Amino acid sequence: MHAFTTQNPNRMAPTVILEPAGGCLCDQPVHIAVRGLAPEQPVTLRSVLRDEKGALFRAHARYRADSHGELDLARTPALGGSFSGLEPMGLLWAMEPDRPFWRLIKRDVQTPFVVELEVLDGHEPDGGQRLARAVHERHFMAPGVRRVPVREGRVRATLFLPPGTGPFPGIIDLFGIGSGLLEYRASLLAGKGFAVMALAYNNYEDLPKDMDIIHLEYFEEAVTYLLSHPQVTGSGVGVLGISKGGELGFAMASFLKNITAAVIINGSISNIGGNLQYKDETVPSVGINTKRVKRTKDGLKDIVDLLNNPLEGPDQKSLIPVERSDTAFLFLVGQDDHNWKSEFYAREASKRLQAHGKEKPQIICYPETGHHIEPPYFPLCKASLNSLVGSPVIWGGEPRAHAMAQVDAWQQLQTFFHNHLDGKKKTIPAKL
Ligand SMILES: CCCCCCCCCC(=O)SCCNC(=O)CCNC(=O)[C@H](O)C(C)(C)COP(=O)(O)OP(=O)(O)OC[C@H]1O[C@@H](n2cnc3c(N)ncnc32)[C@H](O)[C@@H]1OP(=O)(O)O
(Lines give C-alpha, C1' and ligand atoms only; values in the text may rest on other atoms or scores of the structure.)
Protein backbone atom coordinates (compact mmCIF):
# COMPACT_ATOMS: atom_id res chain seq x y z
CA MET A 1 0.00 0.00 0.00
CA HIS A 2 2.59 2.54 0.86
CA ALA A 3 4.83 1.77 -2.09
CA PHE A 4 1.78 2.62 -4.20
CA THR A 5 1.21 5.82 -2.21
CA THR A 6 4.70 7.12 -2.52
CA GLN A 7 5.43 5.98 -6.04
CA ASN A 8 2.27 6.87 -7.90
CA PRO A 9 3.49 9.71 -10.13
CA ASN A 10 -0.01 11.07 -10.71
CA ARG A 11 -0.79 11.67 -7.10
CA MET A 12 0.41 14.74 -5.24
CA ALA A 13 2.21 14.07 -1.97
CA PRO A 14 -0.15 13.80 0.99
CA THR A 15 -0.67 17.19 2.66
CA VAL A 16 -2.30 18.25 5.88
CA ILE A 17 -4.70 21.15 5.37
CA LEU A 18 -5.43 23.22 8.45
CA GLU A 19 -8.11 25.87 8.62
CA PRO A 20 -7.30 28.43 9.87
CA ALA A 21 -3.83 27.77 8.44
CA GLY A 22 -0.93 28.12 10.84
CA GLY A 23 -2.80 28.76 14.04
CA CYS A 24 -5.77 30.11 15.93
CA LEU A 25 -6.83 31.04 19.42
CA CYS A 26 -6.71 28.21 21.89
CA ASP A 27 -10.47 28.24 22.45
CA GLN A 28 -11.22 27.88 18.72
CA PRO A 29 -11.57 24.68 16.76
CA VAL A 30 -9.16 23.91 13.96
CA HIS A 31 -10.39 22.09 10.88
CA ILE A 32 -8.01 19.25 10.00
CA ALA A 33 -8.01 17.49 6.63
CA VAL A 34 -5.55 15.40 4.66
CA ARG A 35 -5.39 15.36 0.86
CA GLY A 36 -3.40 13.26 -1.56
CA LEU A 37 -3.87 9.87 0.10
CA ALA A 38 -4.73 6.73 -1.82
CA PRO A 39 -8.43 5.85 -2.01
CA GLU A 40 -9.48 4.15 1.27
CA GLN A 41 -5.92 4.37 2.56
CA PRO A 42 -5.62 3.50 6.24
CA VAL A 43 -3.67 6.13 8.16
CA THR A 44 -2.92 7.08 11.73
CA LEU A 45 -2.96 10.72 12.80
CA ARG A 46 -0.78 11.74 15.68
CA SER A 47 -0.60 14.97 17.65
CA VAL A 48 2.07 16.07 20.07
CA LEU A 49 2.78 19.23 22.03
CA ARG A 50 5.54 20.03 24.49
CA ASP A 51 4.60 22.19 27.46
CA GLU A 52 6.93 24.78 28.96
CA LYS A 53 8.29 22.26 31.49
CA GLY A 54 9.20 19.82 28.72
CA ALA A 55 6.31 17.39 29.25
CA LEU A 56 4.91 15.86 26.07
CA PHE A 57 1.16 15.57 25.52
CA ARG A 58 0.13 13.16 22.79
CA ALA A 59 -2.93 11.69 21.09
CA HIS A 60 -3.44 9.47 18.06
CA ALA A 61 -6.34 8.07 16.07
CA ARG A 62 -6.79 5.64 13.20
CA TYR A 63 -8.69 6.75 10.10
CA ARG A 64 -9.46 5.62 6.57
CA ALA A 65 -9.35 8.03 3.63
CA ASP A 66 -12.42 8.32 1.38
CA SER A 67 -12.65 7.06 -2.20
CA HIS A 68 -10.92 10.25 -3.42
CA GLY A 69 -7.99 9.81 -1.08
CA GLU A 70 -9.21 12.58 1.21
CA LEU A 71 -9.69 12.60 4.93
CA ASP A 72 -11.70 15.31 6.66
CA LEU A 73 -11.84 15.03 10.44
CA ALA A 74 -15.13 16.95 10.48
CA ARG A 75 -16.76 14.21 8.37
CA THR A 76 -14.83 11.03 9.08
CA PRO A 77 -15.08 9.07 12.33
CA ALA A 78 -11.93 7.84 14.00
CA LEU A 79 -11.72 4.04 14.03
CA GLY A 80 -9.94 3.92 17.37
CA GLY A 81 -6.89 5.15 19.23
CA SER A 82 -7.02 7.89 21.87
CA PHE A 83 -10.69 8.35 20.89
CA SER A 84 -13.14 7.02 18.36
CA GLY A 85 -16.06 8.36 16.37
CA LEU A 86 -16.56 11.74 14.79
CA GLU A 87 -14.36 14.00 16.90
CA PRO A 88 -12.90 16.83 14.83
CA MET A 89 -10.95 18.12 17.87
CA GLY A 90 -10.12 14.76 19.43
CA LEU A 91 -6.42 15.10 18.59
CA LEU A 92 -6.36 18.00 21.04
CA TRP A 93 -8.77 17.16 23.85
CA ALA A 94 -7.72 13.49 24.02
CA MET A 95 -4.04 14.26 24.57
CA GLU A 96 -2.37 12.57 27.50
CA PRO A 97 0.85 13.60 29.24
CA ASP A 98 3.98 11.44 29.29
CA ARG A 99 4.47 12.39 32.97
CA PRO A 100 2.24 11.03 35.68
CA PHE A 101 -0.09 13.52 37.41
CA TRP A 102 0.71 16.24 34.93
CA ARG A 103 -1.75 18.90 33.91
CA LEU A 104 -1.64 21.01 30.77
CA ILE A 105 -1.24 24.60 31.87
CA LYS A 106 0.08 27.56 29.92
CA ARG A 107 2.51 29.76 31.78
CA ASP A 108 3.62 32.33 29.19
CA VAL A 109 0.48 33.46 27.36
CA GLN A 110 2.52 35.56 24.97
CA THR A 111 3.68 32.43 23.18
CA PRO A 112 1.40 29.76 21.70
CA PHE A 113 1.31 26.05 22.30
CA VAL A 114 2.76 24.42 19.22
CA VAL A 115 1.04 21.21 18.16
CA GLU A 116 2.75 18.94 15.67
CA LEU A 117 0.40 16.84 13.58
CA GLU A 118 1.64 13.80 11.69
CA VAL A 119 0.00 11.48 9.19
CA LEU A 120 1.41 7.95 9.30
CA ASP A 121 0.75 5.19 6.80
CA GLY A 122 -1.36 2.31 8.10
CA HIS A 123 -2.78 1.41 11.46
CA GLU A 124 0.24 -0.17 13.14
CA PRO A 125 0.44 0.69 16.84
CA ASP A 126 4.05 1.84 16.55
CA GLY A 127 3.37 3.95 13.49
CA GLY A 128 4.07 3.45 9.82
CA GLN A 129 6.01 5.70 7.49
CA ARG A 130 5.35 9.40 7.96
CA LEU A 131 3.41 10.71 4.97
CA ALA A 132 2.82 14.30 5.98
CA ARG A 133 3.33 16.72 8.84
CA ALA A 134 1.97 20.11 9.84
CA VAL A 135 2.45 22.51 12.70
CA HIS A 136 -0.46 24.22 14.35
CA GLU A 137 -0.13 27.08 16.84
CA ARG A 138 -2.69 27.65 19.59
CA HIS A 139 -2.57 31.21 20.84
CA PHE A 140 -3.77 32.80 24.06
CA MET A 141 -3.90 36.46 23.12
CA ALA A 142 -6.16 37.63 20.30
CA PRO A 143 -4.57 40.31 18.09
CA GLY A 144 -4.63 43.63 19.92
CA VAL A 145 -5.15 42.20 23.44
CA ARG A 146 -2.79 43.97 25.85
CA ARG A 147 -1.12 42.37 28.85
CA VAL A 148 -0.49 44.70 31.80
CA PRO A 149 1.29 43.39 34.93
CA VAL A 150 -0.30 44.90 38.06
CA ARG A 151 1.72 45.53 41.24
CA GLU A 152 -0.52 48.06 42.99
CA GLY A 153 -0.56 48.18 46.76
CA ARG A 154 -0.77 44.53 47.75
CA VAL A 155 -2.38 43.42 44.50
CA ARG A 156 -0.38 40.95 42.39
CA ALA A 157 -2.19 40.43 39.12
CA THR A 158 -2.11 40.70 35.35
CA LEU A 159 -4.73 42.74 33.55
CA PHE A 160 -5.69 41.82 30.00
CA LEU A 161 -7.36 44.56 27.99
CA PRO A 162 -9.24 43.93 24.75
CA PRO A 163 -8.23 45.77 21.59
CA GLY A 164 -9.60 49.30 21.28
CA THR A 165 -10.03 52.10 23.76
CA GLY A 166 -12.98 50.73 25.67
CA PRO A 167 -14.08 51.14 28.37
CA PHE A 168 -14.80 47.46 28.92
CA PRO A 169 -16.66 45.50 31.60
CA GLY A 170 -14.19 44.21 34.20
CA ILE A 171 -13.78 40.64 35.43
CA ILE A 172 -11.52 39.22 38.16
CA ASP A 173 -10.29 35.70 37.40
CA LEU A 174 -9.28 33.31 40.21
CA PHE A 175 -7.80 29.80 40.10
CA GLY A 176 -7.43 27.24 42.90
CA ILE A 177 -5.06 27.07 45.83
CA GLY A 178 -1.39 26.87 44.91
CA SER A 179 -1.96 28.07 41.37
CA GLY A 180 0.10 31.24 41.70
CA LEU A 181 -0.73 33.59 38.85
CA LEU A 182 -2.26 31.67 35.94
CA GLU A 183 -3.11 33.93 33.03
CA TYR A 184 -4.31 31.64 30.27
CA ARG A 185 -8.04 31.96 30.94
CA ALA A 186 -7.95 35.72 31.51
CA SER A 187 -5.96 36.33 28.32
CA LEU A 188 -8.43 34.31 26.24
CA LEU A 189 -11.46 35.97 27.82
CA ALA A 190 -10.06 39.44 27.16
CA GLY A 191 -10.37 38.59 23.47
CA LYS A 192 -14.16 38.54 23.98
CA GLY A 193 -14.45 42.19 25.01
CA PHE A 194 -13.80 42.07 28.77
CA ALA A 195 -11.03 43.66 30.80
CA VAL A 196 -9.95 40.56 32.71
CA MET A 197 -7.61 40.62 35.67
CA ALA A 198 -5.96 37.32 36.57
CA LEU A 199 -5.49 37.73 40.31
CA ALA A 200 -2.95 35.80 42.40
CA TYR A 201 -3.74 35.33 46.09
CA ASN A 202 -1.30 32.65 47.19
CA ASN A 203 1.96 30.99 46.16
CA TYR A 204 3.14 33.98 44.15
CA GLU A 205 5.91 36.53 44.73
CA ASP A 206 5.39 38.12 48.18
CA LEU A 207 1.90 36.65 48.69
CA PRO A 208 1.47 34.04 51.43
CA LYS A 209 2.56 30.49 50.68
CA ASP A 210 0.14 29.05 53.20
CA MET A 211 -3.62 29.37 53.49
CA ASP A 212 -3.90 29.98 57.26
CA ILE A 213 -5.91 33.19 56.84
CA ILE A 214 -7.39 34.68 53.72
CA HIS A 215 -8.11 38.39 54.11
CA LEU A 216 -10.93 39.51 51.87
CA GLU A 217 -9.60 43.08 52.01
CA TYR A 218 -6.98 41.91 49.51
CA PHE A 219 -9.73 41.04 47.02
CA GLU A 220 -11.53 44.30 47.84
CA GLU A 221 -8.37 46.17 46.91
CA ALA A 222 -8.31 44.32 43.60
CA VAL A 223 -11.96 45.23 42.90
CA THR A 224 -11.24 48.90 43.69
CA TYR A 225 -8.21 48.86 41.41
CA LEU A 226 -10.15 47.33 38.54
CA LEU A 227 -13.15 49.64 38.90
CA SER A 228 -10.96 52.74 39.00
CA HIS A 229 -9.10 51.73 35.85
CA PRO A 230 -9.88 54.20 33.05
CA GLN A 231 -10.59 51.37 30.62
CA VAL A 232 -13.05 49.60 32.91
CA THR A 233 -16.70 50.55 32.77
CA GLY A 234 -19.62 50.19 35.14
CA SER A 235 -20.13 50.35 38.87
CA GLY A 236 -19.42 46.67 39.46
CA VAL A 237 -17.22 43.86 38.26
CA GLY A 238 -17.64 40.22 37.42
CA VAL A 239 -15.81 37.40 39.20
CA LEU A 240 -14.83 34.14 37.55
CA GLY A 241 -13.47 31.52 39.92
CA ILE A 242 -12.72 27.83 39.84
CA SER A 243 -12.19 25.52 42.81
CA LYS A 244 -10.90 27.55 45.79
CA GLY A 245 -11.18 30.51 43.41
CA GLY A 246 -14.90 29.70 43.09
CA GLU A 247 -15.23 29.58 46.84
CA LEU A 248 -13.52 32.97 46.97
CA GLY A 249 -15.99 34.17 44.33
CA PHE A 250 -18.79 33.23 46.74
CA ALA A 251 -16.99 35.05 49.54
CA MET A 252 -16.42 38.20 47.48
CA ALA A 253 -20.05 38.24 46.37
CA SER A 254 -21.21 37.78 49.99
CA PHE A 255 -18.97 40.30 51.77
CA LEU A 256 -17.83 42.87 49.22
CA LYS A 257 -19.68 45.58 47.34
CA ASN A 258 -19.72 45.98 43.58
CA ILE A 259 -19.65 42.32 42.55
CA THR A 260 -22.31 42.42 39.84
CA ALA A 261 -21.99 38.91 38.45
CA ALA A 262 -20.11 35.78 39.44
CA VAL A 263 -19.42 32.58 37.54
CA ILE A 264 -18.50 29.85 39.99
CA ILE A 265 -16.91 26.79 38.45
CA ASN A 266 -16.98 23.90 40.90
CA GLY A 267 -16.80 26.17 43.93
CA SER A 268 -17.66 25.44 47.53
CA ILE A 269 -20.11 27.31 49.78
CA SER A 270 -18.12 26.46 52.87
CA ASN A 271 -14.75 27.89 53.66
CA ILE A 272 -11.96 25.37 53.22
CA GLY A 273 -8.32 25.30 54.27
CA GLY A 274 -7.83 28.24 56.68
CA ASN A 275 -9.86 31.08 58.15
CA LEU A 276 -11.64 33.56 55.93
CA GLN A 277 -11.48 37.04 57.40
CA TYR A 278 -13.26 40.26 56.52
CA LYS A 279 -13.06 43.19 58.93
CA ASP A 280 -14.27 41.79 62.26
CA GLU A 281 -15.92 38.70 60.82
CA THR A 282 -14.19 35.32 60.64
CA VAL A 283 -15.46 32.28 58.82
CA PRO A 284 -13.62 29.19 60.08
CA SER A 285 -12.81 26.32 57.76
CA VAL A 286 -14.95 23.23 57.53
CA GLY A 287 -13.67 20.16 59.33
CA ILE A 288 -12.11 17.20 57.59
CA ASN A 289 -11.77 13.51 58.35
CA THR A 290 -8.79 11.91 56.65
CA LYS A 291 -10.28 8.45 57.32
CA ARG A 292 -12.72 9.25 54.55
CA VAL A 293 -9.97 9.55 51.94
CA LYS A 294 -10.46 6.64 49.55
CA ARG A 295 -7.98 4.97 47.22
CA THR A 296 -8.74 4.19 43.62
CA LYS A 297 -7.72 0.84 42.17
CA ASP A 298 -4.57 2.61 40.92
CA GLY A 299 -3.78 3.67 44.49
CA LEU A 300 -4.63 7.34 43.93
CA LYS A 301 -6.32 9.47 46.56
CA ASP A 302 -10.00 10.24 46.12
CA ILE A 303 -10.83 13.07 48.54
CA VAL A 304 -14.46 13.62 47.58
CA ASP A 305 -15.66 12.59 51.07
CA LEU A 306 -12.84 14.29 52.99
CA LEU A 307 -14.72 17.42 54.01
CA ASN A 308 -17.43 17.46 56.66
CA ASN A 309 -20.98 18.38 55.70
CA PRO A 310 -21.19 22.15 56.24
CA LEU A 311 -24.91 21.92 57.02
CA GLU A 312 -24.33 19.89 60.17
CA GLY A 313 -23.24 20.83 63.71
CA PRO A 314 -20.33 23.20 64.26
CA ASP A 315 -19.34 22.96 60.59
CA GLN A 316 -22.25 25.29 59.83
CA LYS A 317 -19.96 28.10 60.95
CA SER A 318 -17.85 27.43 57.86
CA LEU A 319 -20.70 28.43 55.54
CA ILE A 320 -20.09 31.54 53.47
CA PRO A 321 -23.16 33.78 53.97
CA VAL A 322 -24.11 33.72 50.31
CA GLU A 323 -27.67 34.76 51.16
CA ARG A 324 -26.36 38.29 51.80
CA SER A 325 -25.30 38.61 48.19
CA ASP A 326 -27.06 40.60 45.49
CA THR A 327 -24.74 39.25 42.82
CA ALA A 328 -26.13 37.42 39.78
CA PHE A 329 -24.71 33.88 39.82
CA LEU A 330 -23.97 31.22 37.26
CA PHE A 331 -22.84 27.89 38.73
CA LEU A 332 -21.00 25.56 36.38
CA VAL A 333 -20.87 22.10 37.88
CA GLY A 334 -18.98 18.97 36.94
CA GLN A 335 -21.19 16.15 38.21
CA ASP A 336 -18.19 13.84 38.49
CA ASP A 337 -16.09 16.31 40.47
CA HIS A 338 -13.97 14.24 42.86
CA ASN A 339 -12.36 17.20 44.57
CA TRP A 340 -15.51 18.06 46.44
CA LYS A 341 -19.29 17.97 46.12
CA SER A 342 -19.80 20.82 43.71
CA GLU A 343 -23.37 19.99 42.72
CA PHE A 344 -24.47 19.83 46.34
CA TYR A 345 -22.81 23.21 47.00
CA ALA A 346 -24.43 24.84 43.98
CA ARG A 347 -27.88 23.55 44.87
CA GLU A 348 -27.49 24.60 48.50
CA ALA A 349 -26.35 28.10 47.50
CA SER A 350 -29.34 28.36 45.19
CA LYS A 351 -31.72 27.34 48.00
CA ARG A 352 -30.23 29.87 50.38
CA LEU A 353 -30.34 32.71 47.89
CA GLN A 354 -33.96 32.00 47.00
CA ALA A 355 -34.98 31.58 50.63
CA HIS A 356 -33.74 35.14 51.14
CA GLY A 357 -35.62 36.54 48.17
CA LYS A 358 -32.56 36.81 45.97
CA GLU A 359 -32.46 36.19 42.24
CA LYS A 360 -32.46 32.49 41.38
CA PRO A 361 -28.98 31.54 40.20
CA GLN A 362 -28.45 29.70 36.97
CA ILE A 363 -27.02 26.21 37.50
CA ILE A 364 -25.59 24.17 34.65
CA CYS A 365 -24.60 20.61 35.52
CA TYR A 366 -22.35 18.63 33.22
CA PRO A 367 -22.44 14.82 33.43
CA GLU A 368 -19.14 12.87 33.54
CA THR A 369 -17.31 16.12 34.04
CA GLY A 370 -14.58 16.59 36.61
CA HIS A 371 -13.17 19.39 38.74
CA HIS A 372 -10.93 21.32 36.37
CA ILE A 373 -13.33 22.72 33.79
CA GLU A 374 -10.84 24.57 31.61
CA PRO A 375 -11.25 26.57 28.40
CA PRO A 376 -12.18 24.45 25.36
CA TYR A 377 -9.92 21.69 24.10
CA PHE A 378 -7.65 21.49 27.13
CA PRO A 379 -7.21 17.76 27.78
CA LEU A 380 -8.69 16.29 30.93
CA CYS A 381 -6.24 16.04 33.79
CA LYS A 382 -7.19 12.82 35.55
CA ALA A 383 -5.03 13.34 38.63
CA SER A 384 -2.45 15.85 39.79
CA LEU A 385 -1.07 17.63 42.82
CA ASN A 386 -3.65 19.15 45.15
CA SER A 387 -1.64 21.71 47.12
CA LEU A 388 -3.88 21.47 50.19
CA VAL A 389 -3.56 17.70 50.33
CA GLY A 390 0.11 17.77 49.36
CA SER A 391 -0.13 14.81 46.97
CA PRO A 392 -1.88 13.88 43.74
CA VAL A 393 -5.64 13.38 43.86
CA ILE A 394 -8.12 12.30 41.21
CA TRP A 395 -10.22 15.13 39.75
CA GLY A 396 -12.95 13.10 38.04
CA GLY A 397 -14.37 13.35 34.55
CA GLU A 398 -14.45 11.27 31.38
CA PRO A 399 -12.31 12.75 28.59
CA ARG A 400 -14.98 13.15 25.91
CA ALA A 401 -17.82 14.37 28.14
CA HIS A 402 -15.44 16.66 29.97
CA ALA A 403 -14.25 18.12 26.66
CA MET A 404 -17.82 18.77 25.55
CA ALA A 405 -18.58 20.44 28.88
CA GLN A 406 -15.59 22.74 28.50
CA VAL A 407 -16.81 23.97 25.11
CA ASP A 408 -20.29 24.66 26.46
CA ALA A 409 -19.16 26.18 29.76
CA TRP A 410 -16.87 28.62 27.97
CA GLN A 411 -19.75 29.85 25.82
CA GLN A 412 -22.17 29.98 28.75
CA LEU A 413 -19.90 32.05 30.93
CA GLN A 414 -19.27 34.58 28.17
CA THR A 415 -22.99 34.92 27.47
CA PHE A 416 -23.68 35.32 31.19
CA PHE A 417 -21.06 38.03 31.65
CA HIS A 418 -22.23 39.87 28.53
CA ASN A 419 -25.81 39.79 29.82
CA HIS A 420 -24.91 41.03 33.27
CA LEU A 421 -21.92 43.31 32.76
CA ASP A 422 -22.47 45.02 29.43
CA GLY A 423 -25.05 47.47 30.83
CA LYS A 424 -27.78 45.64 28.91
CA LYS A 425 -28.93 43.83 32.02
CA LYS A 426 -32.65 43.35 32.22
CA THR A 427 -34.17 45.62 34.86
CA ILE A 428 -35.73 43.88 37.80
CA PRO A 429 -39.25 45.23 38.31
CA ALA A 430 -39.68 47.21 41.52
CA LYS A 431 -41.36 45.24 44.32
CA LEU A 432 -44.55 47.19 45.03
C1 LIG B 1 -6.95 20.53 54.54
C2 LIG B 1 -7.16 19.73 53.32
C3 LIG B 1 -8.42 20.13 52.60
C4 LIG B 1 -8.32 19.69 51.17
C5 LIG B 1 -9.56 20.06 50.44
C6 LIG B 1 -9.27 20.30 49.02
C7 LIG B 1 -9.70 21.65 48.63
C8 LIG B 1 -8.82 22.20 47.55
C9 LIG B 1 -9.46 23.35 46.86
C10 LIG B 1 -8.75 23.66 45.60
O11 LIG B 1 -8.41 24.78 45.31
S12 LIG B 1 -8.48 22.35 44.55
C13 LIG B 1 -7.35 23.00 43.41
C14 LIG B 1 -6.07 22.91 44.05
N15 LIG B 1 -5.07 23.55 43.29
C16 LIG B 1 -4.58 23.05 42.16
O17 LIG B 1 -5.01 22.08 41.61
C18 LIG B 1 -3.37 23.71 41.65
C19 LIG B 1 -2.23 23.04 42.35
N20 LIG B 1 -0.97 23.54 41.86
C21 LIG B 1 -0.41 23.03 40.78
O22 LIG B 1 -0.92 22.13 40.14
C23 LIG B 1 0.90 23.60 40.38
O24 LIG B 1 1.46 24.22 41.49
C25 LIG B 1 0.81 24.50 39.17
C26 LIG B 1 0.60 23.54 38.03
C27 LIG B 1 -0.31 25.48 39.20
C28 LIG B 1 2.15 25.22 38.94
O29 LIG B 1 2.54 25.93 40.04
P30 LIG B 1 4.03 26.57 40.12
O31 LIG B 1 4.26 27.54 39.02
O32 LIG B 1 4.23 27.03 41.54
O33 LIG B 1 4.92 25.29 39.77
P34 LIG B 1 6.35 24.88 40.12
O35 LIG B 1 7.08 24.70 38.86
O36 LIG B 1 7.00 25.78 41.16
O37 LIG B 1 6.08 23.45 40.80
C38 LIG B 1 5.37 23.34 41.98
C39 LIG B 1 4.80 21.93 42.04
O40 LIG B 1 3.78 21.80 41.03
C41 LIG B 1 4.12 20.70 40.18
N42 LIG B 1 3.74 21.09 38.84
C43 LIG B 1 4.27 22.08 38.12
N44 LIG B 1 3.69 22.14 36.93
C45 LIG B 1 2.79 21.14 36.90
C46 LIG B 1 1.89 20.69 35.92
N47 LIG B 1 1.80 21.26 34.74
N48 LIG B 1 1.12 19.64 36.22
C49 LIG B 1 1.20 19.05 37.41
N50 LIG B 1 2.03 19.43 38.40
C51 LIG B 1 2.82 20.47 38.13
C52 LIG B 1 5.61 20.56 40.28
O53 LIG B 1 6.02 19.25 39.93
C54 LIG B 1 5.83 20.85 41.74
O55 LIG B 1 5.46 19.70 42.50
P56 LIG B 1 6.26 19.31 43.81
O57 LIG B 1 6.08 20.46 44.76
O58 LIG B 1 5.60 18.03 44.26
O59 LIG B 1 7.66 19.15 43.37
Side-chain angles (χ1 to χ4, degrees), residues 15-35 43-49 51 57-63 65-66 70-79 81-96 104-106 109 111-119 132-145 162 184-194 265 332 364 366 368-370 372-381 397-415 418:
T15 340
V16 181
I17 315 283
L18 300 176
E19 178 56 41
C24 63
L25 283 170
C26 206
D27 60 347
Q28 288 171 355
V30 56
H31 181 219
I32 303 169
V34 186
R35 292 210 190 115
V43 289
T44 301
L45 266 60
R46 257 192 341 207
S47 58
V48 59
L49 79 75
D51 77 4
F57 284 76
R58 301 177 203 270
H60 73 280
R62 296 184 284 278
Y63 287 96
D66 69 13
E70 289 192 14
L71 172 61
D72 180 344
L73 269 57
R75 287 193 283 115
T76 312
L79 303 171
S82 308
F83 57 92
S84 57
L86 188 63
E87 298 293 348
M89 288 297 283
L91 288 169
L92 284 135
W93 64 249
M95 284 182 157
E96 291 193 52
L104 186 64
I105 57 168
K106 188 72 174 91
V109 295
T111 60
F113 274 138
V114 179
V115 183
E116 186 186 350
L117 295 162
E118 288 179 310
V119 184
R133 172 185 179 271
V135 169
H136 169 61
E137 292 187 346
R138 299 194 63 78
H139 291 262
F140 289 83
M141 287 172 70
V145 168
Y184 60 86
R185 194 169 56 193
S187 60
L188 282 172
L189 197 53
K192 318 298 176 189
F194 303 104
I265 308 174
L332 298 173
I364 304 176
Y366 296 104
E368 297 179 282
T369 299
H372 287 289
I373 301 179
E374 301 271 23
Y377 315 119
F378 271 71
L380 172 69
C381 175
E398 291 301 321
R400 182 175 181 277
H402 192 93
M404 284 167 56
Q406 289 184 164
V407 173
D408 188 74
W410 188 238
Q411 205 50 57
Q412 296 281 358
L413 72 88
Q414 288 174 48
T415 304
H418 279 301

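Predicted model, so just to flag it, every value in this text is computed and none were measured.
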| Heavy atoms, side chains only, cut-off 4.5 Å: are Met95 and Leu49 in contact? | yes
| message | Centre-to-centre under 6.0 Å for Phe113 and His136, is that the case here? | response | no
| request: Evaluate side chain to side chain contact (heavy atoms under 4.5 Å, CB included) for Leu117 paired with Leu45, printing each intermediate quantity in order. | output: CA-CA 7 Å; Leu117 295 162; Leu45 266 60; over 6 Å; no
| request: Could you go through the side chain to side chain contact (heavy atoms under 4.5 Å, CB included) check for Arg133 and Glu116 one step at a time? | output: CA-CA 7 Å; Arg133 172 185 179 271; Glu116 186 186 350; 2.7 Å; yes
| query | At what distance, to the nearest 0.5 angstrom, does CZ of Phe378 lie from SG of Cys26? | reply | 4.5 Å
| field | side chain to side chain contact (heavy atoms under 4.5 Å, CB included) between Arg185 and Leu188, worked out | value | CA-CA 5 Å; Arg185 194 169 56 193; Leu188 282 172; 5.9 Å; no
| Is the backbone of Ala61 close enough, under 3.5 Å, to the side chain of Ser82 for a donor and an acceptor to pair up by distance? | no
| NE2 on His372 to CD1 on Ile105, rounded to 0.5 Å | 10.0 Å
| task | Working to the nearest 0.5 Å, report the span between CH2 of Trp410 and CG of Leu332. | result | 11.5 Å
| message | Testing the basics here: between Leu92 and Arg138, what is the closest heavy-atom pair and its distance to 0.1 Å? | response | CD2-CD, 3.5 Å
| said: Hydrogens and angles aside, do His402 and Gln406 bring a side-chain donor and acceptor to less than 3.5 Å of each other? | reply: yes
| task | For the pair Asp66 and Thr76, evaluate side chain to side chain contact (heavy atoms under 4.5 Å, CB included) and give the outcome as yes or no after the intermediate values. | result | CA-CA 9 Å; Asp66 69 13; Thr76 312; over 6 Å; no
| message | Could you report the tightest heavy-atom contact between Ala401 and Thr369, atom names first, then the distance? | response | O-OG1, 3.8 Å
| query | What distance separates Met141 CE from Thr111 OG1, expressed to the nearest 0.5 Å? | reply | 10.5 Å
| task | Measure the spacing between CG of Leu73 and CG of Leu18 and express it to the nearest 0.5 Å. | result | 10.0 Å
| remark: In terms of heavy-atom contacts, Tyr377 and Asp27 come closest through CE1-O, 3.5 Å
| Sidechain-backbone polar pair: Ser47 side chain, Leu91 backbone, donor-acceptor under 3.5 Å | yes
| remark: Tightest non-hydrogen contact, residues Val30 and Cys24, listed as CB-SG, 4.5 Å
| remark: Closest non-hydrogen contact found for Pro88 with Ile32 is O-CD1, 4.3 Å
| said: As an exercise, state the distance from CZ of Arg35 to CG of Leu71, rounded to the nearest 0.5 Å. | reply: 11.5 Å
| note | Taking every heavy atom of Gly81 against every heavy atom of Arg62, the minimum-distance pair comes out as N-NH2, 3.6 Å
| task | For the residue pair Trp93 and Phe83, categorise the inter-ring angle as parallel (less than 30°), tilted (30 to 60°) or perpendicular (more than 60°). | result | tilted
